[in-house]
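Here is the structure we will look at, set down as structure tokens.
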Amino acid sequence: MQSNYCVLPTAHCLLPTVVMRRPERVADIIREEISQIVGYELEDPRLTMVTVTDVRLSAGGKDAQVFVTVAGNEKEHELALAALRHAAPYVRKQLTLSLNLPRTPEIHFVRDKVEEAGERVDSLLQQIAQEPERKDGG
């Protein structure tokens with residue numbers, strides 16, 4: 001059994017060590033590279049407020065789901081995802097040129113709804129926190 005703690009007898013020994021498996025490292029490198037490509041190489045005005053949040057590789061590494069968030073309304077989300085899907089072959093080609101991978105995965109852009117769900121939960125919690133104030137005051 002492998003421990004997540006270092007075994008050296010030093011003061012920082014109790015800090016957990018980061019042990020990433022290869023697919024996770026590759027996904028992280030791909031995320032960083034796609035962030036650079038989307039942020040600096042694609043000159044589409046629909047992509048100005050796009051953030052790449054996560055990349056998940058399929059089991060064989062043939063496909064990569066690239067999760068993105070877009071600042072703006074629903075229409076801006078749709079336009080940005082359409083632009084990203086159109087640019088996916090170019091992004092894949094740039095990945096091939098910049099990364100030394102045995103096989104460059106197919107890129108599939110997906111809307112990341114985790115942040116939106118978190119904002120909704122925060123909003124609901126604020127509403128709940130205000131309820132006692134309304135009952136006490138009214």
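Nothing fancy with the numbering, it's 1 onward along the sequence.
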If you take all heavy atoms of [X] and [Y], which pair is closest and at what distance?
{"X": "Ala80", "Y": "Arg46", "value": "CB-O, 3.5 Å"}
{"X": "Ala88", "Y": "Ile107", "value": "CB-O, 3.9 Å"}
{"X": "Glu76", "Y": "Ala71", "value": "OE1-O, 3.9 Å"}
{"X": "Val52", "Y": "Ser35", "value": "CB-OG, 3.3 Å"}
{"X": "Pro105", "Y": "Leu57", "value": "CG-CD2, 4.0 Å"}
{"X": "Ser98", "Y": "Glu33", "value": "OG-OE2, 3.3 Å"}

State whether a side-chain donor-acceptor pair under 3.5 Å links Glu41 with Gln94.
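Yes, because at least one side-chain N or O of Glu41 sits under 3.5 Å from a partner of the opposite role on Gln94.
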Examine the side chains of Thr53 and Asp112 and answer whether a donor and an acceptor come within less than 3.5 Å of each other.
yes
Carboxylate-amine/guanidinium proximity below 4.0 Å for Asp28 and Arg25
no
Between Glu106 and Lys62, is there a side-chain N and carboxylate O pair less than 4.0 Å apart?
no
Does the Lys NZ or Arg CZ of Arg111 fall within the cation-pi geometry relative to Phe67 - under 6.0 Å from the ring centre and within 45° of the axis?
no
Strictly distance-based, threshold 3.5 Å: is any side-chain N or O of His108 a donor or acceptor partner for the main-chain N or O of Ala64?
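Here the side-chain-to-backbone pair does not exist.
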Does the Glu32 side chain pair with the main chain of Ile29, one donor and one acceptor, at a distance under 3.5 Å?
no
Distance check, rounded to the nearest 0.5 Å: [X] atom [atom1] versus [Y] atom [atom2]?
{"X": "Arg103", "Y": "Thr96", "atom1": "CZ", "atom2": "OG1", "answer": "12.0 Å"}
{"X": "Thr69", "Y": "Met49", "atom1": "OG1", "atom2": "CE", "answer": "9.5 Å"}
{"X": "Leu84", "Y": "Leu79", "atom1": "CG", "atom2": "CG", "answer": "11.0 Å"}
{"X": "Leu81", "Y": "Leu47", "atom1": "CG", "atom2": "CG", "answer": "9.5 Å"}

[X] versus [Y]: any side-chain heavy-atom pair under 4.5 Å?
{"X": "Val110", "Y": "Val66", "answer": "no"}
{"X": "Ile30", "Y": "Leu101", "answer": "yes"}
{"X": "Phe109", "Y": "Ile34", "answer": "yes"}

